[in-house]
There are 2 protein chains.
Amino acid sequence: MSYDQRKLDILKVIIDDYIETAQPVGSRTVSRKFEPMLSSATIRNEMADLEEMGLLVQPHTSAGRVPAQSAFRIYVDQLMGDNAITPDEKVGITNFYMRHIGDMENLIKSTASLISALTNQPAVALVPQLRRTTLKRLQIIPIIKGAAMVIIVTSTARVKQTVIRVPDNVTDDVLNAISTMMTARFAGHSIADIDVSRIGSVEDAYLMDSKLFAAIEECILDALVLPDGSDVMVEGTTCAFNFPEYSEIEMLKGFLSTFDNRVRLQRLMTEALRHEQCVVIGDENQDEWLNDLSLITAPYKVHGRSVGAIGVIGPMRMDYARVTESLDLISSNLSNVMSLYVNE
Amino acid sequence: MSYDQRKLDILKVIIDDYIETAQPVGSRTVSRKFEPMLSSATIRNEMADLEEMGLLVQPHTSAGRVPAQSAFRIYVDQLMGDNAITPDEKVGITNFYMRHIGDMENLIKSTASLISALTNQPAVALVPQLRRTTLKRLQIIPIIKGAAMVIIVTSTARVKQTVIRVPDNVTDDVLNAISTMMTARFAGHSIADIDVSRIGSVEDAYLMDSKLFAAIEECILDALVLPDGSDVMVEGTTCAFNFPEYSEIEMLKGFLSTFDNRVRLQRLMTEALRHEQCVVIGDENQDEWLNDLSLITAPYKVHGRSVGAIGVIGPMRMDYARVTESLDLISSNLSNVMSLYVNE
DNA sequence: TGTTAGCACTCTCGCTCGTTGAGTGCTAAT
DNA sequence: ATTAGCACTCAACGAGCGAGAGTGCTAACA
């Protein structure tokens, strides 16, 4: 019982069909689709072998077969085709990014929508991470006595705001001065660089209240960098309504609840940002909550440096060819657009 | 066949039960709950009357009865109780707002979550509307050649950003100067006041490129004020998974799709902002897409002026007493907190 | 006159059970 | 090695049936 090519070809036909229909695939179906023509009996023999090899699973005796998780792995690594995205669609993607103007949150949100529309799967996208981009401007604006808002604008045109407490005796002018000064000092620097030591030197220079700097420091290092779920955009969860595997309400609920915990998703995507495109199938996922799903992610880059990530989460049965190609394309388009924004 | 009190009392029992169970209510159930004790036969007679009056509907002969839309109207206007919210819960709400610190988007989002948690219904909340608050600061930040980002901070600590095109020859210093100047000029003014004519005078004073001002004007009047769906927060849609009326996937899909069109929701809530608390049941709604749902909204105010709105969208069967009380309470708490932010 | 017990009737819901059909594994022939 | 043929399995579907909840009506009663 060898790993011969025919077995793999048959496996591909089975998986292709299963991806499309979400139904167990029978020998007759394969026989009809398979080239060269083989009788269903022959296919049956091969399928029995594939089952013994752990690549197929029979839900019950008289059903067809369903690909096992390991089969999807082989499919992704060796079997699936390419050119799943038509030239027209490629042009569409390019146009989408050429036409786009707007702020970062919007761009990333639209990107998630685009991925979802293209793949018919829920899509996830991570906004450019602050500590991976550079500061463009920092502005502290008083709100009420005792509180001020820190607004940070990054080189990727991202705006992030947070509220900090400030001592009562700090005047608007002081906050303004600090804003100007910090902007001048740190503009163009990586946000990760705005660290305690440097703030120290600033403090010395301006002889300011150290509590205020402590607050600003905390604001930048914690509030702006700790994952709070607001950095991750989710679009297209309604796709799941059309998935046959979630036709039961409890199943659907289970699947959709995956997207509720934004902090968890954000952590996941922040991790994904560190790798090139990757496909994680079923319990290959470290996280238990993804154990019967597949996660496909790709980073996007500004001048070659990964600053964010996009991805798709869906059932193990998904059109891997289409999804991986889509993510690749979109990632590179997005990277280009974003690199335009940022003068190196 | 009069509108006598007993009929109304029976109606109340029926609706209370129906709100709780979403099941047709039979005469025996009512008989058991009704005070004074009456036989189910008597109740049956009354229920037959109520049906004839158009207040009850029988799904089929051998089922109990379901309140008609008009019955819910009467229920809301005359029958439902109060004190649906326990003192403990009230304290919880107050604490929630006392503890809160953060920016506006966050506060409104949390508010929506709170409403949803309290009512077990999907909740909707509208961020303070720009044209109803005053400007705190306007900052134009260049992003790339030909584009700049306008950041507006309002008196309600809201930050709104948008990207505008600027002529290539405008320098950073000019943008900075304009920012400072416009902030000085318009800070404290209603954002609706930043209109063409005033921009005209500013333009004269600084002899600036009129195209740039046109762009800024457009940015403020259009991009920042036109409903784009980003002003409305939706939380708790997953509540619907537990509603018996949406136990069929198609029903659920239909209901949840209500929340997909954010622009539509934003328009709805912007309209709601103009009224005091109101309960709109079924096809009392102007909008067809709400015709078999109920919408309950309440505005929230800063120093007596409505600037935003909160609301609940759910099936006609909903705990109106609890929802209206919750919205009232939260609206007044939120109004208080927000008024604190804004020095009159 | 309002209330209630009793009863026949209706209709949904859930259950069982036989039928159907897709799919299998095995065997024997090619 | 391939395939036709066949007996076998099992989920899915639908019909048929009984149970139960609920009704309306009637007649008796306070």
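Only heavy atoms go into these numbers, but all of them, side chains included; no hydrogens, no water, no symmetry mates.
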S.K.: Using whole Å, what does the distance between atom C1' of nucleotide dG22(D) and atom CG of Leu56(B) come to?
M.R.: 14 Å
S.K.: Let me know the distance between CD1 of Ile43(A) and P of dT3(D), rounded to the nearest Å.
M.R.: 9 Å
S.K.: Would you kindly give the CE-to-P distance between Met47(A) and dG23(C), to the nearest whole Å?
M.R.: 9 Å
S.K.: According to the interplanar angle, ranging from 0 to 90°, do the rings of Phe243(A) and Tyr246(A) count as parallel (below 30°), tilted (30 to 60°) or perpendicular (above 60°)?
M.R.: tilted
S.K.: Tell me which nucleotide among dG22(D), dA4(D), dT24(C) gets nearest to the side chain of Arg44(A).
M.R.: dT24(C)
S.K.: For the pair Asp4(A) (side chain) and Arg6(A) (backbone), establish whether a donor and an acceptor sit closer than 3.5 Å, ignoring hydrogens and angles.
M.R.: yes
S.K.: Give one of base, sugar-phosphate or nothing for Thr61(A), where a contact means two heavy atoms less than 4.0 Å apart.
M.R.: sugar-phosphate
S.K.: In whole angstroms, how far is the C1' atom of dT1(C) from the CD atom of Glu46(B)?
M.R.: 13 Å
S.K.: Within the pair Arg65(B) and dT23(D), is there a side-chain N or O less than 4.0 Å away from OP1 or OP2?
M.R.: yes
S.K.: Distance check needed: dC26(C) P versus Glu51(A) CD, whole Å only.
M.R.: 11 Å
S.K.: How many whole angstroms separate atom CG of Asp49(A) from atom P of dT24(C)?
M.R.: 14 Å
S.K.: Checking all strands, does Ser62(B) fall into the base, sugar-phosphate, or nothing category for heavy-atom contacts under 4.0 angstrom?
M.R.: base
S.K.: Would you say the side chains of Glu235(A) and Ser116(A) form a donor-acceptor pair under 3.5 Å?
M.R.: no
S.K.: Can you tell me if Ser27(B) touches the phosphate of dG22(D), counting only side-chain N or O atoms and a distance under 4.0 Å to OP1 or OP2?
M.R.: no
S.K.: Does Arg28(A) CZ have over 12 foreign heavy atoms under 6.0 Å away?
M.R.: no
S.K.: Tell me: CZ of Arg28(A) to P of dA4(D), nearest whole Å?
M.R.: 12 Å
S.K.: Given that His60(B) and Ser40(B) both sit by DNA chain C, which one's nearest nucleotide is further toward the 5' end?
M.R.: Ser40(B)
S.K.: Give a yes/no on whether any side-chain N or O of Arg6(A) is located under 4.0 angstrom from OP1 or OP2 of dT2(D).
M.R.: yes
S.K.: So for atom NZ, which belongs to Lys109(B), do other residues, nucleotides or ligands contribute more than 12 heavy atoms lying within a distance under 6.0 Å?
M.R.: no
S.K.: Whole Å only: how far is the CG atom of Asn45(A) from the C1' atom of dT24(C)?
M.R.: 11 Å
